[in-house]
Peer 1: 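After the structure tokens below, expect a handful of questions from me.
We name chains A, B, ... by the order of the sequence lines, and we start the count at 1 in each one.
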Number of protein chains: 2
Amino acid sequence: MKPTVHDIARLAGVSLATVDRVLNGRPGVRGVTREKVERAIGSLGYVRDLAAANLAKGRTYRFTFILPCNDNSFMIGLKREVEAAMERSSVERTRIDIATVPAFDADALVRKLEHFLIEGPDGVAFVAIDEPRVRSAAERLVEAGIAVVTLVSDLSASSRQHYAGIDNIAAGRTAANLMGRFLSKVDGRVGVLAGSMMVRDHRERLEGFLSVLSEDFPQVAILPVMEARDDAAVTEALVREALRRHVGLNGIYSLGAGNRGLIRALREVPPGKRPVVIAHELTASTRQALLDGTIDAVLNQDAGHEVRSAIRVLKAKADGLPVLAAQERIRIDIFLKDNLP
Amino acid sequence: MKPTVHDIARLAGVSLATVDRVLNGRPGVRGVTREKVERAIGSLGYVRDLAAANLAKGRTYRFTFILPCNDNSFMIGLKREVEAAMERSSVERTRIDIATVPAFDADALVRKLEHFLIEGPDGVAFVAIDEPRVRSAAERLVEAGIAVVTLVSDLSASSRQHYAGIDNIAAGRTAANLMGRFLSKVDGRVGVLAGSMMVRDHRERLEGFLSVLSEDFPQVAILPVMEARDDAAVTEALVREALRRHVGLNGIYSLGAGNRGLIRALREVPPGKRPVVIAHELTASTRQALLDGTIDAVLNQDAGHEVRSAIRVLKAKADGLPVLAAQERIRIDIFLKDNLP
DNA sequence: CTGAAAGCGCTTACAG
DNA sequence: CTGAAAGCGCTTACAG
């Protein structure tokens, strides 16, 4: 039988209340008493039953997700996953709230973070904007004992406790590897389509992509990056223009959102003449484009996994428990038309 | 406040014991009484607190993993993941045991399954051999109220409750897609290396591989399948022989284990002349081969995910709870040298 | 600084 | 067929 608080109390010759004080590091216990109890705990190999403790405390975990009110499919899907988690949460003594902020607005994000510093949930997960004042707001939350997890886009490591998202440099490198190999003409020209170089995930994907292309496929020429602000109409115009001007455009890497515009522009090109296309995020439109051959490969991050992982990590942090790194690593999915889920 | 058994008892005008009987479908309650209680449960929107119930029952879940005593890296890794889960399990009111059986031995597997039919754990996870007597043994376990999950290699759907493993047909299709695209010579010749056509996962990978190659890359010739029984020495000999005889061998798909032998044979070929190689399972040796360019892509199933998923599903089944399909889907990882974890 | 008692939400003998 | 009481492992006022 696993030892319980009763066993500790008996062995140490104290009451349950005192055992509890020591176990939870609460004040008001003499040094000698504390030591007696700690010795008993050690010799019994006691591990506390968290479920019983939470039952007694009537504890419910409160976590908040701060999401940008962006209308692209990925962010919509992310929000839906958080909502699905909210529905399941009541069963698990967890309460999840969603707060939204304008996209790409660091000030608004900082204000929200400061708001939750006051409100004091057990943990906060948010899509980061990697700026100093955001970092410092995150640090203040951590100092206040609130668990902080970045979601999808990271802050520099020091200022949060965990990042639930993919390694975007590796994603860009992977895209380059596939692009280099898929290009039948070894001396191809490749265009890169980005949302904004202001966001860290886009910057990192570009960085990874460029470094592998130049290392392993030096014969491939890279055109100037097109910044389309994740907007479908802008994307469409840019791609159409690029296809027109660069007759030998053999490849396109779309590292941001706004793929609907990309796909529309590509559909105007005769099938035999289409470039190799690698894009990010599996959505209804990229899935369809994979199936009909408009897009060759899609790199994806699973929003559901990211959300569930963020919650598991927030809970572990709230309990002071270690996280299982291998379980919480968010993987880069590579989808071809043959392994679609 | 969430309603509790006390609320039900008060509203229905009965005792806690009676509420409990109804809640757990135990006999010995008059129809009228039962209905009163059920009406109260419904109108209150009661959902039971599983943690509290398990605490009161002193319940601990008992799950058994039946693993083949195979010495390939993948199976060794799988076992290690189960052992890691065993160590964590005491905290979670779960007890996990490992039983081993000789590899590829259906009789031994059936005997083990029958053994656990008697012993009666809450759930059993096992690496299946897809034969009728195995299926019927699995069915008897399910009928006895024991949760049954297949791991890594499946049984036909009817006879188990869940499969924790990848879609092997999709894996083979994905390998073919990559192979077809990576082959620079469109009229290449491709060799296939399998463990044994007796196991379902190998058969399915081959099936998927062949169908995509013939659909999408009809110009690629496929040599007769080499069965190497997942043995490194046999594999090495077969590959060396194939490379010697088929001077124009441009690609190899290794769909089983025994990749160490494959890699040894490949290393004898001058780098510029090596075929495109796609293999399964990320191990120390395939990882190294990816990095030095001996292997071009590795399809992988994450043994840790499979084990954790199997446990979550066994627990859900034991509690009569639904499983989150999206969470439990085991994905096919595609590793290139640029996205290694 | 320390302890006795009640309680979290559920289940389980036991008595009737 | 039904209920009162004790208990699972822990925590929390409250009293001293």
Peer 1: Between B:I8 and B:P3, is any pair of side-chain heavy atoms under 4.5 Å apart?
Peer 2: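 In short, these two side chains do not touch, never coming nearer than 4.5 Å.
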Peer 1: Heavy-atom nearest nucleotide on DNA chain D for A:L23 versus B:R34: which residue maps closer to 5'?
Peer 2: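 It is B:R34, whose closest nucleotide lies nearer the 5' terminus.
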Peer 1: Going by an N to O cut-off under 4.0 Å, is there a salt bridge joining A:D130 and A:R135?
Peer 2: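 Result for this pair is yes, salt bridge flagged.
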Peer 1: May I ask you to say what A:D20 touches in the nucleic acid, namely base, sugar-phosphate or nothing, with a heavy-atom cut-off under 4.0 Å?
Peer 2: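 Here A:D20 touches the bases of the nucleic acid.
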Peer 1: Given B:V19, which of B:I41, B:V14, B:V29 fulfils the side-chain contact (heavy atoms from CB on, under 4.5 Å) condition?
Peer 2: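 Exactly one option meets the side-chain contact (heavy atoms from CB on, under 4.5 Å) with B:V19, and it is B:V14.
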Peer 1: To check you understand the geometry: which heavy-atom pair defines the closest contact between B:F65 and B:I96, and what is its length?
Peer 2: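 Scanning both residues, the minimum pair turns out to be CD1-CG2, 3.8 Å.
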Peer 1: Supply the atom-to-atom distance B:Y46 OH to B:T4 OG1, rounded to the nearest 0.5 angstrom.
Peer 2: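 With rounding to 0.5 Å, OH (B:Y46) is 7.5 Å from OG1 (B:T4).
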Peer 1: Quick one: label A:N24 by what it contacts on the DNA or RNA (base, sugar-phosphate, nothing), any heavy atom closer than 4.0 Å.
Peer 2: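 Sugar-phosphate only.
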Peer 1: Checking all strands, does B:A53 fall into the base, sugar-phosphate, or nothing category for heavy-atom contacts under 4.0 angstrom?
Peer 2: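 Sugar-phosphate: the residue B:A53, judged by heavy atoms under 4.0 Å, touches backbone atoms but no base.
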Peer 1: Using a 4.0 Å heavy-atom cut-off across all strands, classify B:V19 as base, sugar-phosphate, or nothing.
Peer 2: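 Counting heavy atoms under 4.0 Å across all strands, no contact is made by B:V19.
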Peer 1: Just to be sure I understand the rule, does A:R26 reach a base, reach only the sugar-phosphate, or reach nothing, if contact means heavy atoms closer than 4.0 Å?
Peer 2: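 Answer is sugar-phosphate: A:R26 comes under 4.0 Å of backbone atoms only.
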Peer 1: If you look at every strand shown and take non-hydrogen atoms under 4.0 Å, does A:G28 touch a base, only sugar-phosphate, or nothing?
Peer 2: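 Here A:G28 touches the bases of the nucleic acid.
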Peer 1: Does the ring of A:Y61 carry A:R59 above it, NZ/CZ under 6.0 angstrom from centre and within 45° of its axis?
Peer 2: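 Checked: cation-pi criterion met.
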Peer 1: Please name the residue in the list B:R62, B:M86, B:K315 that meets the side-chain contact (heavy atoms from CB on, under 4.5 Å) test with B:T94.
Peer 2: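 For B:T94, the side-chain contact (heavy atoms from CB on, under 4.5 Å) test succeeds with only one of B:R62, B:M86, B:K315, which is B:K315.
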Peer 1: Reckon A:R48 touches a base, only the sugar-phosphate, or nothing at all at heavy-atom distances under 4.0 Å?
Peer 2: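 Sugar-phosphate, backbone atoms only, no base.
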Peer 1: State the dot-bracket string of DNA chain D. Criteria: Watson-Crick or G-U wobble, both atom distances under 3.5 angstrom; notation: ( ) intrastrand, [ ] crossing earlier pairs, | interstrand, . unpaired.
Peer 2: |||.||||||||.|||
Peer 1: Do NZ/NE/NH1/NH2 and the carboxylate oxygens of B:K2 and B:D49 come within less than 4.0 Å?
Peer 2: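 Between B:D49 and B:K2 there is no salt bridge, as every charged N stays at least 4.0 Å from the carboxylate O atoms.
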Peer 1: Between A:A56 and A:R30, who's closer to the 5' end of DNA chain C by nearest nucleotide?
Peer 2: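 The residue mapped nearer the 5' terminus is A:R30.
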Peer 1: Where does the chain A footprint on DNA chain D start and end, counting 5' to 3' with a 4.0 Å heavy-atom cut-off?
Peer 2: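 Listed 5' to 3', the contact boundaries are D:dG9 to D:dT12.
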Peer 1: Are B:R133 and B:D107 ion-paired here, with the side-chain N under 4.0 Å from a carboxylate O?
Peer 2: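 The answer is yes: the pair qualifies as a salt bridge.
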Peer 1: Quick one: label A:V5 by what it contacts on the DNA or RNA (base, sugar-phosphate, nothing), any heavy atom closer than 4.0 Å.
Peer 2: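 Base contact.
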